Visitor: 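The following block contains the structure, expressed as structure tokens.
Note that the structure is a prediction, hence the values are computed from the model and not measured. Here is the naming used below: chain letters follow the sequence lines, and residue numbers restart at 1 for every chain.
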Amino acid sequence: MTEARLDSLAVRADVPILARPSASGRPLVYLDSAATSQKPMPVLDAMDDYYRAANANVHRGVYALAAEATERFEQGRADVARFVGSRPEGTVFAKNATEAVNLVAYAWGLRHLTAGDVVVVTEMEHHSNIVPWQIVAGLTGARVEFVPVVDDGVLDLAVLRDLLATEPVKMVAVVHVSNVLGTINPVADITRMARDAGARSLVDASQSVPHMPVSLAATGADAMVFTGHKMLGPTGIGVLAADPAWLDGLEPFLGGGEMISDVRREGSTWADLPHKFEAGTPPIAEAVGLGAAVRYLEGLGMDAVRAHEVELTTRLLAVLGGVEDATVYGPRDPARRGSPVSFSLPDLHPHDIAQLVDREGVCVRAGHHCAKPLMRALGVPATTRASTYVYNTADDVDALGAALASARAFMGRV
Amino acid sequence: MTEARLDSLAVRADVPILARPSASGRPLVYLDSAATSQKPMPVLDAMDDYYRAANANVHRGVYALAAEATERFEQGRADVARFVGSRPEGTVFAKNATEAVNLVAYAWGLRHLTAGDVVVVTEMEHHSNIVPWQIVAGLTGARVEFVPVVDDGVLDLAVLRDLLATEPVKMVAVVHVSNVLGTINPVADITRMARDAGARSLVDASQSVPHMPVSLAATGADAMVFTGHKMLGPTGIGVLAADPAWLDGLEPFLGGGEMISDVRREGSTWADLPHKFEAGTPPIAEAVGLGAAVRYLEGLGMDAVRAHEVELTTRLLAVLGGVEDATVYGPRDPARRGSPVSFSLPDLHPHDIAQLVDREGVCVRAGHHCAKPLMRALGVPATTRASTYVYNTADDVDALGAALASARAFMGRV
Amino acid sequence: MGGIEDLYQEMILSHYRAPRNRGTLTNPTVSVTQNNPMCGDEIQVDVLLDDDGRIVELAHSGQGCSISQSAASMMSEKVMGTTRDEAQHLIEVFRRMMHGDDPPADVDLGDSEALAGVARFPARVKCALLPWMALKDALQSVGTTKETPHGQ
Amino acid sequence: MGGIEDLYQEMILSHYRAPRNRGTLTNPTVSVTQNNPMCGDEIQVDVLLDDDGRIVELAHSGQGCSISQSAASMMSEKVMGTTRDEAQHLIEVFRRMMHGDDPPADVDLGDSEALAGVARFPARVKCALLPWMALKDALQSVGTTKETPHGQ
Ligand SMILES: Cc1ncc(COP(=O)(O)O)c(C=O)c1O
Ligand SMILES: Cc1ncc(COP(=O)(O)O)c(C=O)c1O
């Protein structure tokens, strides 16, 4: 088990979509895992088997099938909780990371923010960790302040310190790994600064939990969110991992079945955690699939996953460094960054790059990556982004390099 | 196509779980479709094929795989919209019916209800159509009033008329088919009464859309909600079908990716419908699965689905009518009711009934069915509920009758 | 999954058919109502403690299934005459049994041991625990106002 | 899916490399900025109308991909000199072409017809439409204050 290396060819063999040719007939070179990951067989099988052998609504059925469904669903929760070191009762299933942020913004923010209070986010946040705060600020009279991005794509923590010292900051919401810059933020420092100033903290771990060892305790956050589909799991499920003692004191967010203790005409009382925050039929098959995804990642070993990523990112930075006039955003040092690598070419618009490399089967993302404030800070409308995962190889990275060269050739430059 | 009868044996052959023995070794007699339905192969295959051949994040990818994913996802929306006669831009995917009700309660209610306003629900609502209104009423100072259930389980519309005449009613939220009583409510009359009084209306069609022809226009509602897993579809997806003109004027509910037009530090603007209400990565595979479910139901023909249900419900009422001292709730006339049939036996608690018939492979639900106000009105803590669907046969219904007899025998009564 | 006979043992059914200590007390030291959010069942447990904190009377009422009703009946017999500490210990042992742990060799749960099989029916565990959790609440609520005499 | 050559036709690339009417106007009748929420691209279209509501000058600026830039260039050539009604008709024909409909036989979109292949690349349809939607907005905003002279 020591120094286990990740065998990405073995992983590829588990991921059926990678065996299919791309639309152009070339092998599929999938470099867009920051948008969503592909799924290995054990994940697809777990969901299929759930529907074929154990499907029933959970938590309320007496019959054996319902007990089996409940057990598989709650096993998914136990798996996820173990994976990020949260307590099962502090591990709430949402539909995606975005809903998980909204849950905190509404359940906590709507009732605990008042006019003049400040929520601090950063300029490199995904819209999912900006807009919910803007909405709740609009409803409460609170303000949203942004920590700027400086240098090679890191946060200006002096500004955060200033804000915490001079403003009535009640929440600091920060991304762990930027989905554009790749920057790994010092979240433990940031959440400590927040706590010392009496503010709550939320870490958006959507781009870190899939790629490196992450624990709720190590982030130091009151709440951490991530999303199933980026970590080999299915769509339709996200996670809020949080301190149960905090959650326990909050009013619920969504109301409905499963989350109540009693419903009376005059008013209702709430179920125990985590059910209080899981209104309605939960994403049952999705939790089963996410549990399988987590076990698959554990089988690979998260240290090995991270080492593989550093290796591929090193190569990716080298390949892009070799492309004439390319601007690469974010930290230079692969050890200081996660999987997403964004870049620009002066002569080719990101849309055209993505379109032209797709000819060679290479899938990369072009656009604002749901980070428009960051795009403005970088002074570009859009970037091209490549991101690797456990099923990618050095060949995939090289294929991008070759495809970029032929894209340029196609568009009339040698 | 005229008078097409539903061939439930052919449907059974499509549903793999029904071919498996129950935990007790007996054939599975699944009579809990009101809680969740089982899934036919075309639904499982559509999702599996999506993950194996077309998985990518939707709406923003330039490469062919992302275009394919987007097309399959939006085809799911088009299928669902066609099925209930809504416009695609007024067809919003949520995680379940519960979230869809909350969406309306928060997006509309939080900003349009003021202190003293009244939201009218009914005593037979599922908690999902009560608690969101209680929460938003708590935040706005509005009140929630209940239309009582009378006679053999129908609504006392005189009370509704009174409320509309005397109170500042802003919303009438009513279930189409009760998940406990089976009652089919006259929703077109109710929504007309609401409209005439200047109130909005929401119809909870979770138990009707799966079982009978339903169109948004025929309900007359501003908004209609239903849930994928009860209509042969997957978990993790629900639907809000609503008048786009109304939705268009509302502020969004959840904030994040996909739902924005522009995000600036000072504030954001919203995407067009339906995306404005779909924050974050949507339930992509789930929409693909729900589209396949809808096409499967269309293949059976919703008139045939309904006729089959009336036939089985007639038999179920007859079987329960033959059980000594059984109390059956809800309308006697199968034409006036949907699939759920609740009953009580004086000598056997619902938990014990459900447990004992499970011995014979029969799955029925016991409990309050997320309708505690209704339970109080009926004067019972719980009932037993059997509900049929397209894969059930007369034999399934008869198996329940036999299992009830042996449950009584087991508990010491002949 | 266990067979149904593990669940519906004769001992359980006999308590269900003829529950002991069913009813209410006129002068309870404390009365607690507990509900099972999953099914809506409610149980009321009335307890009369003497000055030493010993349970001298206990009655249970409410509606419930065979498991919760028989559990209440069996519990009422077992805890009658025990001190608060003893009863709290029994509650904990019973709770653990519902999560699959055998009771320690030196603890006798009496007829309640017939409920051990419930652990294999997760949906019913809450039923069996219902009266015990009501008793726990009851003892905790008196504990906050009055210390139990210890070892005297 | 169409092949990449359907998308990047020589005609398109030549407009991209040497866009016509690129820039801004000093005295536009109306100036509209339109953004593509999917990618963040922005285009500004400035229009100068004469008293008859005829487009006498049009300039486009902003950043965008080859498709949106070339679409703007081709559009600018085509609509120059047309009346508001004629331009609005062209906008509608172009919009339909982007949804896969062939232009009617009696309508000539000029170089813009080279963009017909974009319809098979749904992610790029918004790019091609961007300048046309900006023009639509522009004409609508003047239309609300001033009626176009019709048939005179
Ligand atoms: C009438 C009714 N409304 C709403 C719901 C809630 O559906 P979901 O749990 O999928 O949100 C249900 C099912 O549980 C129901 O029967
Ligand atoms: C950093 C970050 N946060 C949040 C999200 C939102 O995830 P989801 O769309 O699954 O809610 C994403 C992915 O899009 C992301 O990269």
Visitor: How long is the span from the CG atom in B:D352 to the OH atom in C:Y16, to the nearest 0.5 Å?
Guide: 5.5 Å
Visitor: Mind checking whether C:L13 and B:F410 have side chains closer than 4.5 Å, heavy atoms only?
Guide: yes
Visitor: Answer yes or no: are there more than 12 heavy-atom neighbours, outside C:K78 itself, under 6.0 Å from its atom NZ?
Guide: yes
Visitor: Could you tell me which non-hydrogen atom of B:K372 sits nearest to which non-hydrogen atom of C:G40, and how far apart they are?
Guide: NZ-CA, 4.1 Å
Visitor: Rounded at 0.5 Å granularity, tell me how far CZ in C:R124 sits from NE2 in B:H351.
Guide: 6.0 Å
Visitor: For residues B:R359 and C:L7, determine if any side-chain heavy atom of one lies less than 4.5 Å from a side-chain heavy atom of the other.
Guide: no
Visitor: Which heavy-atom pair separates B:H368 from C:P37 by the least distance, and what is that distance?
Guide: NE2-O, 2.5 Å
Visitor: Are the side chains of C:S66 and B:M411 in touch, meaning some heavy atoms are under 4.5 Å apart?
Guide: yes
Visitor: For a quick test of your reading: what N or O donor-acceptor pairs under 3.5 Å do the side chains of residues 119-126 of chain B make, sequence neighbours left out?
Guide:
residue: B:T122; atom: OG1; partner: B:M124; partner atom: N; Å: 3.1
residue: B:T122; atom: OG1; partner: B:E125; partner atom: OE2; Å: 2.8
residue: B:E123; atom: OE1; partner: B:V149; partner atom: N; Å: 2.9
residue: B:E123; atom: OE2; partner: A:R265; partner atom: NH1; Å: 2.8
residue: B:E125; atom: OE1; partner: B:N129; partner atom: ND2; Å: 2.8
residue: B:E125; atom: OE1; partner: B:V175; partner atom: N; Å: 3.0
residue: B:E125; atom: OE2; partner: B:V175; partner atom: N; Å: 2.8
residue: B:H126; atom: ND1; partner: B:S128; partner atom: N; Å: 3.0
residue: B:H126; atom: ND1; partner: B:S128; partner atom: OG; Å: 3.1

Visitor: The criterion is side chain to side chain donor-acceptor pair (under 3.5 Å); which residues satisfy it with C:D137, sequence neighbours excluded?
Guide: none
Visitor: State whether B:D347 and C:R17 are salt-bridged, where the test is any N-O pair (Lys NZ or Arg NE/NH1/NH2 against Asp/Glu carboxylate O) under 4.0 Å.
Guide: no
Visitor: Evaluate the side-chain proximity of C:I67 to B:H349: yes if any heavy-atom separation is below 4.5 Å, no if none is.
Guide: no
